[in-house]
Q: 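Take a look at this one; I'll ask things after.
As the structure lists them, so they are numbered: ligands from 1, and atoms in each ligand from 1. For the numbers below, each heavy atom of this structure counts, side chains included, while hydrogens, waters and symmetry mates do not.
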Amino acid sequence: MKATIAVLPGDGIGAEIVPQAVHVLEAVAARFGHRFEFKTADVGGAAIDKTGRPLPDDTLRLAKESDAILLGAVGGPKWEGLDYSVRPERALLGLREQLGLYANLRPAKLYSMLADASTLKREVIEGLDILVVRELTGGIYFGKPKGIEKTSEGEKGVNTEVYTTPEIRRIAKVAFEAARKRRRKVTSVDKANVLESSELWRRVVIDVSQGYPDVELQHIYVDNCAMQLVRAPKQFDVLVTTNLFGDILSDEAAMLTGSIGMLPSASLGGTIGMYEPIHGSAPDIAGKDIANPIATIASTAMMLTYAFSLDKEATAVEQAILRVLEQGYRTKDIHAAGTRLVGTKEMGALILKELQHA
Ligand code: NAD
């Protein structure tokens, strides 16, 4: 197959980890007979420095014209004094909004050799492989009315949780489709015992499930879900939930697996998806060749699955990561006694070698 991939390294460690992921995609193309064309553009602080804007028109156009987007991370202390409307992070909101990326997929998968990096006991997390599907463009972060107003009794802060049937329907479909590629179980997380928006959420999810008789559906209240994630996380396959609940639960789920440098994500919904590590630009370690590139490389596996339906190729990338970890190579964030410490470039090169010689 032929595809154009927009490459947006962004700031901080983005410039170090993204090239490693591009090399991996190049190796996938060579090994499996595909043609990927990479087009690079500035985003975030790097774009502000050149154009004054975090998401220049050229970058947005490139993103819209490509088949998938590979993003590093944006932000850093250099741009923290700027107004919120022109901060690097605005670029992410702009891309999500412009591309209709309403579904954020965050897998939390434990590599067994890293089990001791988790705060939970090995037996609780061994074999963990869950996927959080978070609604990304609705709910309480966007609902109106919102704001802080003065009243006779002092100030009043207001946010409103709003979900419409189409919004719930489309995110539920993403979850059921994802479950079909996994263990065919969806757990919908809500607060339907208290919130009307959750009552509608549950009703619509049940309705959507009628179209997926091969996928098991379960409902759970968010407070119980938070508890179950640390008690017995392996009971879950796909968790689907609202923007706010997903924001919190996806971080909880991610940290079960140990390091932030390991975890990929995909933002989907429109015709073009965006694939990126869950971590930020890590200014504290930028430019030192110590950042872990695995989250970004694993994001390319998500791209291969979700953008191109290249499941065999995605598995090859995941296997290459696994084998390098099995051989004991570790970047600083996951380094432990008895393992071999490598830098960003070397970790990328090792994964590339595994992929090329498998
Ligand atoms: P961060 O994720 O950048 O870093 C948190 C900690 O994790 C740091 O100690 C960092 O060194 C470490 N870390 C992160 N990625 C790592 C990797 N691949 N390998 C090894 N260690 C890694 O979060 P932060 O420090 O809160 O934010 C830094 C900047 O990134 C801020 O400007 C923030 O707004 C931005 N940010 C961007 C995104 C994004 O682009 N999607 C997401 C989160 C934060």
Q: Should you measure from each heavy atom of Ala73, which atoms of ligand 1 turn up under 4.0 Å away?
A: 40 (O)
Q: If you take the centroid of each ring, where Trp contributes its six-membered ring, are Tyr221 and Phe245 closer together than 6.0 Å?
A: no
Q: Would you check whether Val74 has a nitrogen or oxygen atom less than 3.5 angstrom from a nitrogen or oxygen atom of ligand 1?
A: yes
Q: At less than 4.0 angstrom from any non-hydrogen atom of Ile285, what atoms of ligand 1 do you find?
A: 11 (O), 20 (C), 21 (N), 22 (C)
Q: At a 4.0 Å threshold, what atoms of ligand 1 neighbour a non-hydrogen atom of Ile260?
A: 2 (O), 7 (O), 13 (N), 14 (C)
Q: Output yes when a side-chain donor or acceptor of Gln20 lies under 3.5 Å from a complementary backbone atom of Met347, and no otherwise.
A: no
Q: With a 4.0 Å cut-off on N to O distance, would you call Arg183 and Asp129 a salt bridge?
A: yes
Q: Quick one: look up the protein heavy atom nearest atom 34 (O) of ligand 1 and list residue, atom name and how far away it is.
A: Glu89 OE2, 2.4 Å
Q: Please list, in number order, the atoms of ligand 1 under 4.0 Å from a heavy atom of Gly76.
A: 32 (O)
Q: Is Ala282 close to ligand 1, meaning an N/O of one under 3.5 Å from an N/O of the other?
A: yes
Q: Between Leu71 and ligand 1, does any nitrogen or oxygen pair lie at a separation below 3.5 Å?
A: no
Q: Look up atom NZ in Lys191 and atom CD in Glu199, then write down how far apart they are to the nearest 0.5 Å.
A: 14.0 Å
Q: For atom 18 (N) of ligand 1, what is the closest protein heavy atom, and at what distance to 0.1 Å?
A: Asn292 O, 2.9 Å
Q: Looking at atom 30 (O) of ligand 1, is any protein heavy atom nearer than 4.0 Å to it?
A: yes
Q: Examine Glu80 against ligand 1 and note whether any of their N/O atoms are separated by less than 3.5 Å.
A: no
Q: Assess whether side chain to side chain contact (heavy atoms under 4.5 Å, CB included) is satisfied between Thr296 and Val18, documenting all intermediate values.
A: CA-CA 7 Å; Thr296 318; Val18 167; 4.3 Å; yes
Q: Tell me whether atom 25 (O) of ligand 1 lies less than 4.0 Å from at least one protein heavy-atom position.
A: no
Q: Any ion pair linking Arg184 and Asp214 (charged N to carboxylate O, less than 4.0 Å)?
A: yes
Q: Using a strict 4.0 Å cut-off to heavy atoms of Gly280, name the atoms of ligand 1 that fall inside it.
A: 1 (P), 2 (O), 3 (O), 30 (O), 36 (N), 37 (C), 38 (C), 42 (C), 43 (C), 44 (C)
Q: For Arg330 and Leu325: C-alpha separation, side-chain torsions, deciding distance, then whether side chain to side chain contact (heavy atoms under 4.5 Å, CB included) applies.
A: CA-CA 7 Å; Arg330 304 280 189 275; Leu325 292 173; 3.9 Å; yes
Q: Both conditions, 6.0 Å and 45 degrees, for the charged tip of Arg180 above the ring of Tyr212: are they met here?
A: no
Q: For side chain to side chain contact (heavy atoms under 4.5 Å, CB included), just list the numbers for Ile171 and Thr241, CA-CA rounded to whole Å, side-chain angles, deciding distance to a tenth of an Å, and then say yes or no.
A: CA-CA 8 Å; Ile171 192 74; Thr241 191; over 6 Å; no
Q: What do we get for Ile17 next to ligand 1 when only non-hydrogen atoms under 4.0 Å count, side chain, backbone, both or neither?
A: neither
Q: I need the atoms of ligand 1 closer than 4.0 Å to a non-hydrogen atom of Ala291, numbered in the order shown.
A: 19 (N)
Q: Please state whether Ser281 comes within less than 4.0 angstrom of ligand 1, counting heavy atoms only.
A: yes
Q: Taking NZ, NE, NH1 and NH2 as the nitrogens, is one of them in Lys78 or Asp49 under 4.0 Å from a carboxylate oxygen of the other?
A: yes
Q: Regarding ligand 1, does Leu92 bring an N or O atom to under 3.5 Å of one of the ligand's N or O atoms?
A: no
Q: Could you tell me whether atom 5 (C) of ligand 1 has at least one protein heavy atom nearer than 4.0 Å?
A: no
Q: At less than 4.0 angstrom from any non-hydrogen atom of Pro283, what atoms of ligand 1 do you find?
A: 28 (C)
Q: Which of the atoms in ligand 1, numbered in the order shown and given with their element, are less than 4.0 Å from a heavy-atom of Gly75?
A: 32 (O)
